[in-house]
Number of protein chains: 2
Amino acid sequence: MLGTPKRDRRAERREATRAEILAAAWDQVRAEGLTSLSLRDLASRVGMQAPSLYSYFDSKHAIYDAMFAQGAQEFLEAERAVPVTGDVLRDLQAGARMFVGFCSDDPVRYQLLFQRLIPGFEPSPESYGIAVDALQVVRDRLAGAGLTDPRHLDLLTAVTAGLANQQISNEPGGDRWVSLVDEAIEMYLEHVDKRTKQKGTRK
Amino acid sequence: MLGTPKRDRRAERREATRAEILAAAWDQVRAEGLTSLSLRDLASRVGMQAPSLYSYFDSKHAIYDAMFAQGAQEFLEAERAVPVTGDVLRDLQAGARMFVGFCSDDPVRYQLLFQRLIPGFEPSPESYGIAVDALQVVRDRLAGAGLTDPRHLDLLTAVTAGLANQQISNEPGGDRWVSLVDEAIEMYLEHVDKRTKQKGTRK
DNA sequence: GTCTATATTTGGATAGAC
DNA sequence: GTCTATCCAAATATAGAC
């Protein structure tokens, strides 16, 4: 017998402004670099003076933290949207395409989520928890595809992270390495299959 | 009939001090992060006041530039020290071990040389030239091993950069991904050999 | 909630005495 | 070459009026 939740127009408004500030913050770091987030510039982007931002965020790090949570949430949803068909090759390729695309689509988001670039910043437990959940989804998916050997998992993350990294570092916005994802996963699976069979037959 | 080059004790002293400042700069960025190089702190590390640094470097960017040149020189020498035996697998493994080790041994050097992290900084043509030379040595070595297909080269750089990247981001100082280098190169060569043969037989 | 004003710190860089 | 003194700009953050 729950009725419609009471709307709080003031809280809605506040949340909308917070989202607006975050969107402007993403714009700024994409333009100036992740470490060059300035509260003055950010405020002017949303038509405020710098001190007004403190009504919405306790500090600059709190803004980074909210950005981290947002990026992790996006990653979690993108991960969940990857279809599972049971065809190991196709499924792995789809997952890797998602990951490399996710990273190369937004390099600063990649830097914020997966690298330690901002001196003195680390995400709050709540924000980090979202990222942990997302990585667990990845692990479950790979286990479902029969991949459990930790070293093989490390090899896979290296291959996909390497493609993303090269794309971002050497040809941002392009697809020179993105277009190699399917072939790289083929290469990886040929190798892993072989090793697994060898182990099996030698038993 | 060239005699011993005239020694200039003043110039030698100056060069020694420059080297001392650069060493202290590396210490600082390793401790505080690449983007957190402060002239005040740097000066205090070498027992100077900040303005005195301007007797040795024109600006902060000039210090970054000298660091870039130094790192590129180290990379060039490390690259030239990799032995070539003619055994493609062993040679590729040796080259990849060197690269991944070079990167993971000093993450900030890796960031300075291979990523674009410092807002507004790019190396001078002279410094950049050293890096270009080093990459040409790599390319020549790979061509000598029969690797010329551009996409296969891109795949190789992705694999090695990925190993280095994961090592640095997830377990700095360890060898979890470093220890995968030889296997990764095996995987890569199995794949490339197969593709090359296929192309050949289908002709 | 937003502003102005300001505190405080820190940064790179320059002038000029010694 | 090194120093002190200083400039100038920019940063985060706070106090308090409205």
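Among residues two or more places apart in sequence or in another chain, the ring pair (Phe, Tyr, Trp, His ring centres under 6.0 Å) test is passed with A:Phe114 by A:Phe75, A:Phe99, A:Tyr110. Applying the side-chain hydrogen bond (donor to acceptor under 3.5 Å, both in side chains) test to A:Glu79 and every residue at least two apart in sequence or in another chain returns A:Arg141. Under the side-chain contact (heavy atoms from CB on, under 4.5 Å) criterion, A:Ala23 pairs with no residue at all, not counting sequence neighbours. Under the side-chain hydrogen bond (donor to acceptor under 3.5 Å, both in side chains) criterion, B:Arg18 pairs with no residue, sequence neighbours left out. Applying the side-chain contact (heavy atoms from CB on, under 4.5 Å) test to B:Arg176 and every residue at least two apart in sequence or in another chain returns A:Asp154, B:Gln167, B:Glu171.
Listed by first then second residue, pairs satisfying salt bridge (Lys or Arg N to Asp or Glu O under 4.0 Å) with a partner in residues 106-131 of chain B read B:Arg30-B:Asp106, B:Glu74-B:Arg109, not counting sequence neighbours. For residues 119-145 of chain B, the ring-ring contact (aromatic ring centres under 6.0 Å, His included) pairs, not counting sequence neighbours, are B:His61-B:Phe121, B:Tyr64-B:Phe121. For the salt bridge (Lys or Arg N to Asp or Glu O under 4.0 Å) condition, no pair includes a residue of residues 41-66 of chain B, sequence neighbours left out.
The pair A:Arg195-B:Glu186 meets the salt-bridge criterion, since a charged nitrogen lies less than 4.0 angstrom from a carboxylate oxygen.
With rounding to whole Å, A:Lys60 atom NZ is found 12 Å from D:dA13 atom C1'. In this entry the distance linking NE2 of A:His61 with C1' of D:dA11 reads 13 Å, nearest Å.
Between A:Pro83 and A:Arg90 the shortest side-chain heavy-atom distance does not fall below 4.5 Å. Counting heavy atoms from C-beta on, the side chains of A:Leu39 and A:Ile63 come closer than 4.5 Å. Residues A:Asp133 and A:Val137 form no side-chain contact, since every pair of their non-hydrogen atoms from C-beta on lies 4.5 Å or further apart.
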For this session: Please lay out, stage by stage, how A:Met187 and A:Leu180 fare under the test side chain to side chain contact (heavy atoms under 4.5 Å, CB included).
Result: CA-CA 11 Å; A:Met187 169 184 77; A:Leu180 286 170; over 6 Å; no
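Among the atoms of the strands shown, base atoms are found under 4.0 Å from some heavy atom of B:Tyr54.
The stretch residues 16-42 of chain B has no heavy atom under 4.0 angstrom from DNA chain D at all. Looking at residues 43-53 of chain A, you'll see A:Gly47, A:Met48, A:Gln49, A:Pro51, A:Ser52 sit with a heavy atom under 4.0 Å from some atom of DNA chain C.
Rounded to 10 degrees, the angle separating the terminal helix axes of the helix from C:dG1-D:dC18 to C:dC18-D:dG1, each built from five base pairs, is 10°.
When DNA chain C is scanned in the 5' to 3' direction for atoms under 4.0 Å from non-hydrogen atoms of chain A, the outermost contacting nucleotides are C:dG1 to C:dA5.
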